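Everything quoted here is computed from the prediction, not taken from an experiment.
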Amino acid sequence: QPQSKPEKVRKREQSNRLHPTAAETIKMSGSHPRLHQSAATAPNALSSDKDAEMPATEKDLAEDAPWKKIQQNTFTRWCNEHLKCVNKRIGNLQTDLSDGLRLIGLLEVLSQKKMFRKYNQRPTFRQMQLENVSVALEFLDKENIKLVSIGGCDHD
C-alpha cells in the first residue's frame, strides 16, 4: 500500500498547479509584462506619446534613465563618504564639482597627497573655476592617471 503524502505537502502541490510561476506566466503572455509596458501605464510617465514611440535603447540613454540616477546617487554617496574627511559635501554632481574645490578635496583625500600647484580657495569667476579643475586634472596626469576626452573646458 503506497504511503500517502502529508496534508500540507498535498495542498502545496495542488496550490502550485493552480498558481503558475512567474516564468510560466511570462511564457503564457509571450513576454515579460514590464518589458513592453507602454508609457501610458508606466508609473510617473510625463509624456506618454513621446515615450511610447521611443525605442528601448533611447529610453536607456535618456537623461532621466533609472540606471543613470542610480549611478549618480551611488557615486555621490561614495564621494561624500571620502569628502567627510575634509568637511566637504556634494549634493549635485553636475554643479558641485564645477568650481574644482570638491574635486581637489576628493583627489587629495584619495591620494593622501597635496596638489602640486596652488589653486583658488574662493573661485568667484568662471576662469578661476576652470583653473582649479585644470589643477586637479594636471595632478591626475602627474600621478599617471590617464583620462580620455576630459579637460577643463569640456562642458555641455
Side-chain angles (χ1 to χ4, degrees), residues 12 16 19-156:
R12 189 179 327 121
N16 286 344
H19 303 292
T21 65
E24 290 168 339
T25 304
I26 292 169
K27 280 183 192 172
M28 288 189 292
S29 68
S31 68
H32 191 279
R34 295 190 84 189
L35 291 179
H36 297 289
Q37 182 179 37
S38 73
T41 59
N44 300 327
L46 295 177
S47 70
S48 56
D49 296 338
K50 181 182 163 196
D51 289 346
E53 295 171 8
M54 192 182 298
T57 52
E58 282 186 44
K59 286 181 188 175
D60 287 342
L61 296 176
E63 279 297 314
D64 61 345
W67 69 269
K68 285 185 179 181
K69 289 182 179 178
I70 290 169
Q71 283 203 337
Q72 280 184 335
N73 290 338
T74 303
F75 186 66
T76 302
R77 281 194 305 273
W78 180 83
C79 287
N80 285 333
E81 194 59 37
H82 291 287
L83 286 171
K84 279 182 191 176
C85 303
V86 290
N87 295 321
K88 293 184 189 228
R89 190 170 193 338
I90 293 175
N92 180 334
L93 282 173
Q94 293 179 332
T95 57
D96 292 347
L97 294 175
S98 64
D99 66 2
L101 292 177
R102 291 177 190 92
L103 180 59
I104 288 171
L106 185 61
L107 291 174
E108 288 182 340
V109 168
L110 292 174
S111 68
Q112 298 179 350
K113 295 179 181 177
K114 291 287 181 193
M115 289 291 118
F116 302 127
R117 277 183 32 207
K118 286 198 178 276
Y119 57 91
N120 297 294
Q121 300 287 333
R122 291 190 179 98
T124 50
F125 301 109
R126 180 89 175 125
Q127 184 60 37
M128 297 166 112
Q129 295 172 351
L130 287 173
E131 195 174 312
N132 281 354
V133 172
S134 293
V135 168
L137 295 176
E138 183 181 313
F139 177 83
L140 288 171
D141 187 52
K142 288 191 177 178
E143 290 294 312
N144 292 316
I145 298 171
K146 302 296 176 211
L147 301 175
V148 179
S149 298
I150 296 177
C153 293
D154 289 343
H155 54 81
D156 300 329

Q: Could you go through L107 and M115, starting from their C-alpha distance and side-chain angles, then the distance that decides it, and tell me whether this counts as side chain to side chain contact (heavy atoms under 4.5 Å, CB included)?
A: CA-CA 8 Å; L107 291 174; M115 289 291 118; 3.9 Å; yes

Q: Distance from L93 atom CG to Q71 atom CD, nearest 0.5 Å?
A: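 So the gap between those two atoms works out to 11.0 Å.
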
Q: Angle class for the W78/H82 ring planes (parallel below 30°, perpendicular above 60°, tilted otherwise)?
A: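 It falls in the perpendicular class, over 60°.
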
Q: Measure across C79 and L106 and return the closest heavy-atom pair with its distance rounded to 0.1 Å.
A: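 It is SG-CD2, 3.7 Å.
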
Q: With no hydrogens and no angle check, is any side-chain donor or acceptor of N80 less than 3.5 Å from a backbone partner on I90?
A: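 Present.
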
Q: Supply the atom-to-atom distance L140 CG to L103 CG, rounded to the nearest 0.5 angstrom.
A: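 Here the rounded value is 7.0 Å.
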
Q: Hey, could you give me the CD1/OG distance between I145 and S111, rounded to the nearest 0.5 Å?
A: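 The distance works out to 8.0 Å.
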
Q: Minimum heavy-atom separation for I104 and A136, please, with both atom names.
A: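 Heavy-atom minimum between the residues: CG1-CB, 4.0 Å.
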
Q: Quick one: does any side-chain atom of N132 pair with a main-chain N or O of L101 as donor and acceptor, under 3.5 Å?
A: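 Checked: no pair found.
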
Q: Looking at K113, I want to see if its NZ is surrounded by more than 12 non-hydrogen atoms of other residues, nucleotides or ligands under 6.0 Å.
A: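 Atom NZ in K113 is not crowded, with 12 or fewer foreign heavy atoms closer than 6.0 Å.
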
Q: Which value, rounded to the nearest 0.5 Å, describes the distance between T95 atom OG1 and R102 atom CZ?
A: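 Output value for this atom pair is 7.5 Å.
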
Q: Is it true that E81 and R77 have a side-chain N and a carboxylate O under 4.0 angstrom from each other?
A: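 Salt bridge between E81 and R77, a charged N being under 4.0 Å from a carboxylate O: no.
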
Q: I need the S98 OG to R126 CZ distance, nearest 0.5 Å.
A: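 S98 OG to R126 CZ: 6.5 Å, rounded to 0.5 Å.
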
Q: Donor-acceptor pair, R89 side chain versus L83 backbone, under 3.5 Å?
A: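 No; judged by distance alone, with no hydrogens or angles, the pair does not exist.
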
Q: From Y119 OH over to K114 NZ, what is the distance, rounded to the nearest 0.5 angstrom?
A: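 Taking OH in Y119 and NZ in K114, the distance rounds to 6.0 Å.
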
Q: Taking the side chain as everything from C-beta on, heavy atoms only, tell me whether E108 gets closer than 4.5 Å to F139.
A: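 Of all side-chain heavy-atom pairs linking F139 with E108, none is under 4.5 Å.
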
Q: Within a 6.0 Å radius of atom CZ on F125, are there more than 12 heavy atoms belonging to other residues, nucleotides or ligands?
A: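 Incorrect, the count does not exceed 12.
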
